[in-house]
Amino acid sequence: MQTLTPAPTTETAPAGEGRALAQSLTPLVVDAVVPMAGYYVLTGGFGMGTVAALAWTSVLPAARSLWSVVKDRRLNALATLMLVVNAIGLAMSAVTGDARLMLAKDSAGSGMIGAAVLVSVLAGRPMMTAGLKPWITKGGDLAKTAAWERLMRGSVRFRRAERRFSLVWGAVLLAESVSRVVAAYTLPAHTVVWLGNVLAGAAVVLAIVVTGPLAVDPMEKMVAAEAEKGHEVP
């Protein structure tokens, strides 16, 4: 009687992509959607003042950044910068009574991150790679991870695409920061709370759309091809 060996499942890659997508969306939900909803609940439902509501809703993003560092038990440049930005935001919330300044500090955070990302590219250590690699390698697929490492060592084209990814994100984050500062000092606070998230979301969509053909798609193809080569029997 012939023993049937189960064929490799095709669900591994989608599952890996799903995990990578969930990891990518978690900061967006925690740092943007939840604080925004909390602000309107505190001000509209509990009658809390604007400054106090902004201060309380700044706690969760800071706690998430700290937890990500504690959980991973290591510091990467992007996680460290996010933690510092959120800590500064909390300190400003405790000291200042200026609602516009507190709204502007969120845009200052994205501006600092954008600038740091651009500097990291110039330094040869693109910060956005920490988030890009799990996506390209489908959540840490062993063959694709090994292919990534080989390409990083031996492919100039691959490293250029990696740098382009961070360059686009850095530029978009800087532009988004400027637009949110302008909004913070020209529009009512209740408007800026939701508009800031709209601008942030638009920036994310723009960066994803632009980096797709410029970096992500070619890198995925190169990693897939390199992984296939690694499976070939000599």
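Note that these values count all heavy atoms, side chains included, but never hydrogens, waters or copies made by symmetry. Start at 1 with the first residue, then count along the sequence.
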So, do [X] and [Y] sit near enough that their side-chain heavy atoms are less than 4.5 Å apart?
| X | Y | value |
| --- | --- | --- |
| Leu195 | Arg180 | no |
| Phe165 | Thr129 | no |
| Lys133 | Glu149 | yes |

How long is the span from the [atom1] atom in [X] to the [atom2] atom in [Y], to the nearest 0.5 Å?
| X | Y | atom1 | atom2 | answer |
| --- | --- | --- | --- | --- |
| Arg160 | Leu167 | CZ | CG | 13.0 Å |
| Lys144 | Ile136 | NZ | CD1 | 10.5 Å |
| Thr186 | Arg100 | OG1 | CZ | 7.5 Å |
| Trp169 | Leu118 | CH2 | CG | 13.0 Å |
| Arg150 | Met222 | CZ | CE | 14.0 Å |
| Glu162 | Arg157 | CD | CZ | 14.0 Å |

Hey, are Lys221 and Glu226 close enough for a salt bridge, meaning a charged N less than 4.0 Å from a carboxylate O? no
Shared hydrophobic cluster, [X] / [Y] (ILVMFWY, side-chain heavy atoms < 4.5 Å):
| X | Y | answer |
| --- | --- | --- |
| Val172 | Leu132 | no |
| Leu174 | Val121 | yes |
| Met128 | Ile113 | yes |

For the backbone of [Y] and the side chain of [X], can you confirm whether one donor and one acceptor N or O come within less than 3.5 Å of each other?
| X | Y | result |
| --- | --- | --- |
| Ser155 | Met152 | no |
| Arg125 | Ser120 | no |
| Thr191 | Leu187 | no |

Side chains of residues 204-217: which donor-acceptor pairs under 3.5 Å do they make with residues two or more places apart or in other chains?
| unit_1 | atom_1 | unit_2 | atom_2 | d |
| --- | --- | --- | --- | --- |
| Thr211 | OG1 | Ala207 | O | 2.6 |
| Thr211 | OG1 | Ile208 | O | 3.4 |

Tightest non-hydrogen contact, residues Ala147 and Val223, listed as CB-O, 3.6 Å
- Task: Decide yes or no on side chain to side chain contact (heavy atoms under 4.5 Å, CB included) for Met219 and Trp148, but give the supporting numbers first.
- Result: CA-CA 9 Å; Met219 290 179 76; Trp148 170 288; 3.7 Å; yes
**Prompt:** Can you tell me if CG on Leu142 sees more than 12 non-hydrogen neighbours from other groups inside 6.0 Å?
**Reply:** no
